[in-house]
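Note sheet for the following structure.
First the proteins, then the strands, lettered A, B, ... as listed; each starts at 1.
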Amino acid sequence: MIEMKHISHSYGDFKVLNDVSLTIQDNKITALIGANGAGKSTLLGVVSRLLHPTEGEIFLDERDIKTMKSKEIAKHLAILKQTNQLNIRITIRDLVSFGRFPHSNGRLTKEDYYKIDEALVYMNVKDIEHKYLDEISGGQRQRAYIAMIIAQDTKYILLDEPLNSLDMRYAVEMMTILQKMVKELGKTIVVVMHDINFAAAFSDHIIAMKDGKIVEQGSIDYMMDKKILDHIFDHDFCIAGVNGRKVCIYYNHQQTAILAERKEEVL
Amino acid sequence: MKTRKHIWIWMSTITIFSILFYLFFWMVTTPYDLFPVDPERAQLMQRAIINILSRKTIQVLAMVISAVLISSTALVFQTMTQNRILTPSLIGFDAMFITVQTSIVFLFTASSILYINTYVNFFAATALMLCVSLLMYRMILRNNRNNIVFLLLVGMVLSTLSRSLASFLQTIMDPEEFQSLTIRTEVSISNMNTSIIWIAVPMMLIVLILIVKDLKTYDVMSLGESNAVGLGVSYAKKMNLALIYIALAMSVATALIGPLSFLGLIAVNAAREMLKTYRHLPLLILSSLIGIIFLVLGQAIIIETGYLTTVTVLISMVGGAYMIYLILKENRT
């Protein structure tokens, strides 16, 4: 369980996070949504100690992360930031091997090799393991990074917009894999997402942020509500039902409605 | 893999050849009879040969130390700053050394123990350089890591500023003090300060051991800050330590053979080009070898051609052209 207590973080005078308290439940996919600049990435950064919060405490399985060594944290919690532009040319296999660094300190043992192979197979990149990252597609690259996270073998995984720059097929594939990881490997995953429909379809719990605060959180059914979504994004949403599932439409729906009305008038 | 092996064999052979060339080539070209028949003269000549050889060996040692330190810290510096063009000397580490020496003489006079005693002077200068460089580069590097052009500009301004400051202090100081100051500041490869060699050797070993110990961590750090932190690297701590190592190494190298702007750039990038790897250990070894070759072989050639120019000019010429090429290449991608 990850617990955040009264977290605040500011860049200069600007408070990006304002007294956030939150509990991430185990064995679930939690989606973090909110408008641009709401503080989602900052929250993820603070939890993963990339940023040091100005105030507040974070507990990882009831241990204060301030008292834990960086390497110790890396054995329990992995993070992947959005769009990794690397300065180095590296093969998929080497990248995934880096996932074992917290465990092996760079000297790989038999067990490490086993875990690396396992991660490569799990993410279906084993057959292209010797290809360089700049030779493969965006979807494959994203899978390689997730394979590194799997090799890191942590209980908690934080992903910052993993669907960025993925086409629809790869995005669905990615989310399906994340679901599988929760189910089969017992992971706890937090994902920052922009597409509400993806969040609704694949996550177990949605947390919504606005202006550095948690404004709403709850089950998919509760969160997929016009009033709540309108408030979170300051935007006009339209919730529809498709095959018994709630889907939101956030563009052109007024226009469509007007057009439909006009059609009726004509008829 | 086979070509890899070839690179290693070739480069080590060339390195050894350069050193032997530097040590022994004068024997071939000398007009004197090195092995006279007369036993008394033979003994004298033998002593002379040994004398020259031991002096040359110390010079080679100094060049090797400097080349290794300059190349390996350039490599580490590039990982820390996440770029392939900047090196410590390009942003003014070595200009700072001269300023520090000048200010020591200016503030404490040339007769102070801080200046007269070679060892005390070395440590004082190094300590001062450490403080200044850490302060400056932490302020600048931290926020502008990816802005190479800005860093180059800052480096240029800094090195010009510190050079001007040094020459200003030298102008207003006592002529006699200025005289004694030039012993430390007018160091170059043709005029090495070998008196500190026995302090430079252990310093090099210490810095190298410390760097080699962290090479695996530097591998991870080349993935970028967020990935490295996620993998459990204490990024800020390692970066500070690395900057300390770099400042140490640069002060040793500059005290030994004076400023050499482009050596690190050439050595590290040539090694990268040859090995096409991101791993620091092979890169460190190969770039050190290339650094040694450039310095020793270059100097040997220059001596044998009768000092037509200096190796610094040679390296700057090659290095400058190479750097322009690198910047153009970087801009294209």
Whatever's closer than 4.5 Å to a heavy atom in chain A on B:Thr217 counts as both
Cut-off 4.5 Å, heavy atoms of chain A, and the answer for B:Arg272 is neither
Item to check | Residue pair B:Asn227 / A:Leu80, side-chain heavy-atom distance below 4.5 Å | outcome: yes
Applying a strict 4.5 Å limit to non-hydrogen atoms, the region of A:Arg49 in contact with chain B is both
Interatomic distance, CG@B:Leu223 vs CZ@A:Phe98, rounded to 0.5 Å, equals 4.5 Å
Interatomic distance, OG@B:Ser222 vs CD1@A:Ile90, rounded to 0.5 Å, equals 7.0 Å
query: Are there residues of residues 99-126 of chain A that reach to under 4.5 Å of chain B by heavy atoms, and which ones?
result: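 The residues closer than 4.5 Å to chain B, in numerical order, are A:Gly99, A:Phe101, A:Pro102, A:Asn105, A:Gly106.
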I'd like to know whether [atom1] of [X] has more than 12 heavy-atom contacts from other residues, nucleotides or ligands below 6.0 angstrom.
X	atom1	value
A:Glu62	CD	no
B:Phe294	CZ	no
A:Lys71	NZ	yes

Determine the minimum heavy-atom distance between B:Gly230 and A:Gln152, stating which atoms define it.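 The answer is O-NE2, 3.0 Å.
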Could you tell me which non-hydrogen atom of A:Ser70 sits nearest to which non-hydrogen atom of B:Val229, and how far apart they are?
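Looking at all heavy atoms of both residues, the shortest contact is OG-O, 4.2 Å.
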Point to revise | Options A:Leu77, A:Ile73, A:Asp94, ranked by heavy-atom pairs under 4.5 Å with chain B, top entry | key: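 Among the listed options, the one with the most contacts to chain B is A:Asp94.
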Given A:Ile149, A:Ile88, A:Leu95, A:Thr154, the one with more heavy-atom pairs under 4.5 angstrom with chain B than any other is A:Ile88
